[in-house]
Amino acid sequence: MLKITYYGHSVFLLDDGKYRVIIDPFLEGNPAAPVKPDKIDVQYIVVTHGHGDHLGDAIPIAKRCNATIIAVNELANYASEKGAKAHNMHIGGAVRLPFGTVKMTIAHHGSVTPDGVYAGNPAGALISMDGKTVYHTGDTGLFYDMKLIGDTSPVDVLLCPIGDNFTMGIEDAVKAVEFVRPKLVVPMHYNTWPVIAADPNEFVKRVKVAGFRGQVLNPGESVEL
Ligand code: NI
Ligand code: MN
């Protein structure tokens, strides 16, 4: 069984009972986060890009838990230089790890760390764990290759931004669902700040009209697969 817990913004914890993997652990300074970073206990941390609302507390969590940060080369090097354990990879590549596999996908966005270091290309991540595939798109606009991603890797759960301005808004996110064709979509990257205000229930309603299943997770809530 794979348990997926939402911690607000783009933060998700994947837990198969043995391994715990957190994605984009922006907790300190995240007004929606129901937990503090020092309560997180994980073995792996996937970071989609260098922006502060995604890199977040990855480095302190990695150091305290002796966890490995998984990121594109430039961002992984940055984490290593800050004293964290990191695994370098890049877009299009997959790696087999003790908990499953991670494949990095493209994302149309930017990537620089909060202290101004170029962090390589932004990415999304296809994470296979306990026989399930979760696609966290990272911050991105809509792109047609999402169809290719869905065709080559059947997606159980799509974690998809809907907040607009910096990423897809609801209309494009519904299109993304149609391209990826996941069994379930969970919206993310909305309502953290007024500039990314969006109604997740409106998104789920439109996803349903398109023939797919969406579920809103409030910060702290989980879904089990
Ligand atoms: Ni970003
Ligand atoms: Mn962001």
Side-chain angles (χ1 to χ4, degrees), residues 4-14 22-35 46-58 105-112 114 122-127 133-147 149-150 155-223 225:
I4 304 175
T5 305
Y6 185 47
Y7 287 142
H9 204 56
S10 296
V11 190
F12 291 87
L13 177 73
L14 312 183
I22 198 164
I23 311 168
D24 286 355
F26 167 55
L27 300 168
E28 197 71 60
N30 173 359
V35 288
V46 174
V47 184
T48 61
H49 63 294
H51 290 159
D53 59 320
H54 297 263
L55 177 61
D57 309 292
T105 70
I106 59 169
H108 291 304
H109 195 63
S111 186
V112 65
L126 274 167
I127 303 173
T133 298
V134 177
Y135 174 25
H136 188 296
T137 69
D139 279 0
T140 186
L142 179 66
F143 56 91
Y144 194 65
D145 279 4
M146 284 181 171
K147 197 170 182 315
I149 292 168
V155 171
D156 292 283
V157 182
L158 172 66
L159 309 174
C160 185
I162 64 162
D164 225 329
N165 195 75
F166 301 113
T167 67
M168 293 181 272
I170 287 175
E171 194 165 320
D172 283 355
V174 172
K175 206 78 204 154
V177 172
E178 290 173 333
F179 287 161
V180 176
R181 302 189 316 282
K183 288 190 186 133
L184 177 69
V185 60
V186 176
M188 65 176 181
H189 212 272
Y190 63 92
N191 290 354
T192 317
W193 304 287
V195 70
I196 55 170
D199 179 358
N201 296 308
E202 167 71 16
F203 170 68
V204 166
K205 212 180 295 170
R206 290 177 62 172
V207 160
K208 193 176 177 193
V209 170
F212 295 91
R213 190 162 77 86
Q215 186 175 340
V216 178
L217 292 180
N218 293 312
E221 286 184 348
S222 304
V223 64
L225 310 175

When you compare the side chain of [Y] with that of [X], does any pair of heavy atoms fall below 4.5 Å?
X: Phe12; Y: Val223; result: no
X: Tyr6; Y: Leu159; result: no
X: Ile196; Y: Pro161; result: no
X: Pro182; Y: Val177; result: yes
X: Phe212; Y: Arg181; result: yes
X: Ile149; Y: Val180; result: no
X: Glu171; Y: Lys175; result: no

Nearest heavy-atom neighbours spanning [X] and [Y]:
X: His49; Y: Gly110; value: CD2-O, 3.5 Å
X: Pro114; Y: Gly50; value: CD-O, 3.4 Å
X: Gly141; Y: Met168; value: C-CG, 3.6 Å
X: Leu217; Y: Ile4; value: CD1-O, 4.2 Å
X: Pro200; Y: Pro187; value: CB-CG, 4.0 Å
X: Ala107; Y: Pro122; value: O-CG, 3.5 Å

Side chain to side chain contact (heavy atoms under 4.5 Å, CB included) between Ile170 and Tyr190, intermediate numbers included
CA-CA 10 Å; Ile170 287 175; Tyr190 63 92; over 6 Å; no
Check the orientation of His189 and Phe166. Use parallel for under 30°, tilted for 30 to 60°, and perpendicular for over 60°.
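The arrangement is perpendicular - the two ring planes meet at more than 60°.
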Once you measure the plane-to-plane angle for Phe179 and Tyr144, does it fall in the parallel (<30°), tilted (30-60°) or perpendicular (>60°) bin?
perpendicular
Spacing of [atom1] belonging to [X] relative to [atom2] belonging to [Y], to within rounding of 0.5 Å:
X: Asn30; Y: Tyr7; atom1: CG; atom2: OH; result: 12.0 Å
X: Leu14; Y: Thr5; atom1: CG; atom2: OG1; result: 8.5 Å
X: Ile162; Y: Thr167; atom1: CD1; atom2: OG1; result: 8.5 Å

Verify, without hydrogens or angle tests, whether Thr140 (side chain) and His108 (backbone) share a donor-acceptor contact under 3.5 angstrom.
yes
Answer yes or no: is there a donor N or O on one side and an acceptor on the other, between the side chain of Asp156 and the main chain of Val134, under 3.5 Å?
no
Give the intermediate values and the outcome of side chain to side chain donor-acceptor pair (under 3.5 Å) for residues Asp139 and His51.
CA-CA 10 Å; Asp139 279 0; His51 290 159; 4.5 Å; no
Any donor-acceptor pair under 3.5 Å linking the side-chain atoms of His9 with those of Asp24?
no
For a side chain to side chain contact (heavy atoms under 4.5 Å, CB included) check, start with the C-alpha distance between Thr137 and Tyr135, then their side-chain angles and the critical distance, and finish with the verdict.
CA-CA 6 Å; Thr137 69; Tyr135 174 25; 3.8 Å; yes
Intermediate values then yes/no, side chain to side chain contact (heavy atoms under 4.5 Å, CB included), Met146 and Leu158:
CA-CA 11 Å; Met146 284 181 171; Leu158 172 66; over 6 Å; no
What do the steps show when you test His136 against Val46 for side chain to side chain contact (heavy atoms under 4.5 Å, CB included), and what is the final call?
CA-CA 10 Å; His136 188 296; Val46 174; over 6 Å; no
May I have all residue pairs that pass salt bridge (charged side-chain N to carboxylate O under 4.0 Å, His left out) and include part of residues 46-55, sequence neighbours excluded?
none
